[in-house]
Amino acid sequence: MKNRAFSIGVVFGILMFSSVCSFGRTPDGNGKKVYADYHGVRYTRQHDGKLGRWEMYANTEKSATERKTLCYNADNILENGRHDIAATAYPLVGMQSNLDPDYIEYQILSAKAAKIDGFFIEWGYMHHENDILLREMQKVAARYNFEIGVNWCDGWLYYNWITKLYPEINTREKKTEHYVRCYQYLIDSVFSVPTAPLVNGRPVFYLFGPGATPEEYKWVTSKIHFPENIKQPAVLRRWADWGRLENDKYIPVTKSEDIDKWVKLGTIPTAWIPARVRTMDENFPHWDNYALADDLIEFMKPFRDSIWNSARPSFSLKSGFAMPGMDNRGCAGWGRGHFFCIPRNQGKTYEQMWNFCLANKDSLDMMFIASWSDYTEGHEIEPTVENGDRELRNTLKYAAQFKNEQADDRGIALPLQLFTLRKQTTFLKAFFLNVSTMEIALDYAARLISNGEYKRAKKALDKASEKLNKAGRLLSATTIVLSEEKLLLEGTSTPEGYNIFGGLKVSFPDELVKKLTSNNYKGYISFEYLDNGFDLMEVRSKTARKPVEQFEIVGRIKTDNTQGWKKAKIALFKDNILYAANPAFTFKGKGVVRNVSVVYEIFQTELK
């Protein structure tokens, strides 16, 4: 292969590390911090062999709305080119894996450009998938002076999820004992490492609940050990009582016996998504309950009056709260069948919440945003197709005021450009092109972005883009389309199509198999399926990736009983599929399909 090697000649003067000493500068300001909740885990077939929170199927018959089911087939690429994800907004960067280091980098640098100091990963216990996400986040965050904490959803620990992982943890008492081990793990692995979230030199985490009782939590904290050099963390305890509507005005809860018990344990009541007590009407016909912007401010006033302005010594760290809006049609209360809405109002809702907190910023040590990435509940601030980067720009504007720092919006768009170039570089690398110099250049640009040196970063990225585009012109592409008539289909044929209950095998001509095996490509398999019943159909292939049971699934479709024919288009990834032996693909499950076809764009390099 050495005669096919190609060096992308990128030798930038900026690659000289004489200016590395400028990295890691501490910005001027008042020391206040801004954190964002991080919801996961979302995967992709290409990176992980599964989809996670991008897909969602649920019965919503309990809803008073007209919608009685959720059926988000995230493998399916719609006619607009977007995946059918469980969300009402689509990521500007596309559907990505939360475990992809390039995507993690994009998110961390985007957050830093908006003056967010860290993410609080929604976390339940050790070895849960969110714990894997936590550790992957820490790896990237360590490179960019970014903090990674937890929003501890300790209720997960008391579900049967932990028993499936550890069969011996099968009673509430044993789960509470495991709570001690989980807390100690956070102390040792999250609160005492370089990426720890620190406010005024003290670790902090958000305790979402609803897991341990106050009595159980008191027992747990008596069993844990803190290293001598680590302060006990400030614990922000979720307080989100519902309240009520009187004469069309929201009346918040101002006193809670349960929260008083948590306060006695040293935790600090902190807001979460404001209550939605208004019921469905002609203005909000798609949601069971909603809230208006004024309701949010009324919801926040008890925090200002009883916590932020309190002289109570135990309230040693006080956090404001902001969120951009809410539309949970991606999950309907995670399958509980309840649709909620808080309209974004073109960004004004988010602005109003920030302004309320800023009016009290002298009493606050930090801000907590819900959320960076909860697409299913629809309160993400990560840039989307629908909202652009508006929420990030607003975060930058208000976070700068909160911290007494200057706002520089030149960095907002750079992480997306970097991410795109990372993926271009990876694509070219598959053709045995030597992209090591380019990778070094992009690493350097990433550190410039992290350090706020946006002008230099932009110049480096533009030069990298020019070189990558030049290298890309060395590739040529041939498109191959095989309709159903040109494929060998082996299965049960009916007047409507192919019944896949016994399996439908899709075989390719030997010549195509050879081309796909020896070349890189972008490919898709398309078909129509009868949307009858609530069944699952899968397209599978042979694979060399492990775990095989994950990566052999090319894609899956859940029917939603609309009784009509629907189109499906599923991406095909070379690393996941073995074509050496036919059949190339097999449909399995229950359903009827027709008009099966494949399209490949096969790439070759001009280098000999």
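Bear in mind that the values here come from a model prediction, so they are computed numbers and not experimental data. These numbers come from the heavy atoms of this one structure, side chains and all, not from hydrogens, waters or symmetry mates.
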For the pair K574 (side chain) and T517 (backbone), establish whether a donor and an acceptor sit closer than 3.5 Å, ignoring hydrogens and angles.
yes
Donor-acceptor pair, side chain of H83 and main chain of I85, under 3.5 angstrom:
no
Can you name the residues that form a side chain to side chain contact (heavy atoms under 4.5 Å, CB included) with [X], not counting sequence neighbours?
X: R594; answer: E528, W565
X: T384; answer: A89, Y375, E380, E386, N387
X: N469; answer: Q424, S465, R473

Looking at side-chain heavy atoms only, is the closest gap between [X] and [Y] below 4.5 Å?
X: F551; Y: D575; answer: no
X: E105; Y: F419; answer: no
X: N130; Y: W156; answer: yes
X: I273; Y: M326; answer: yes
X: D100; Y: Y106; answer: no
X: D84; Y: C71; answer: no
X: L51; Y: T44; answer: no

Cationic tip of [X] within the cone over [Y]'s six-membered ring, i.e. under 6.0 Å and within 45° of the normal?
X: K423; Y: Y103; result: no
X: K50; Y: Y43; result: yes
X: K569; Y: Y524; result: yes
X: K558; Y: Y57; result: yes

Compute the centroid of each ring, for W372 and then for Y35, and state whether the two points are separated by less than 6.0 Å.
no
Centre-to-centre under 6.0 Å for Y125 and W161, is that the case here?
no
The side-chain contact (heavy atoms from CB on, under 4.5 Å) partner of I104 among L109, L99, V140 is V140
Pick out which of L133, N151, V41 makes a side-chain contact (heavy atoms from CB on, under 4.5 Å) with I121.
L133
Can you pull out every side-chain hydrogen bond (donor to acceptor under 3.5 Å, both in side chains) where at least one residue sits in residues 329-338? Sequence neighbours excluded, please.
N289-H338, D327-R329, W334-E377
What residue pairs, at least two apart or across chains, pass side-chain hydrogen bond (donor to acceptor under 3.5 Å, both in side chains) with a residue in residues 491-503?
none
Between K429 and E439, is there a side-chain N and carboxylate O pair less than 4.0 Å apart?
yes
For [X], enumerate each residue passing the salt bridge (charged side-chain N to carboxylate O under 4.0 Å, His left out) test, keeping only those at least two apart in sequence or located in another chain.
X: R181; answer: none
X: E538; answer: R540
X: D288; answer: none
X: D75; answer: R45

Could you go through the salt bridge (Lys or Arg N to Asp or Glu O under 4.0 Å) check for E79 and K567 one step at a time?
CA-CA 9 Å; E79 292 185 1; K567 295 181 179 180; 3.7 Å; yes
Residues forming a side-chain hydrogen bond (donor to acceptor under 3.5 Å, both in side chains) with [X], sequence neighbours excluded:
X: W54; answer: none
X: T376; answer: R42, D374
X: N561; answer: Q563

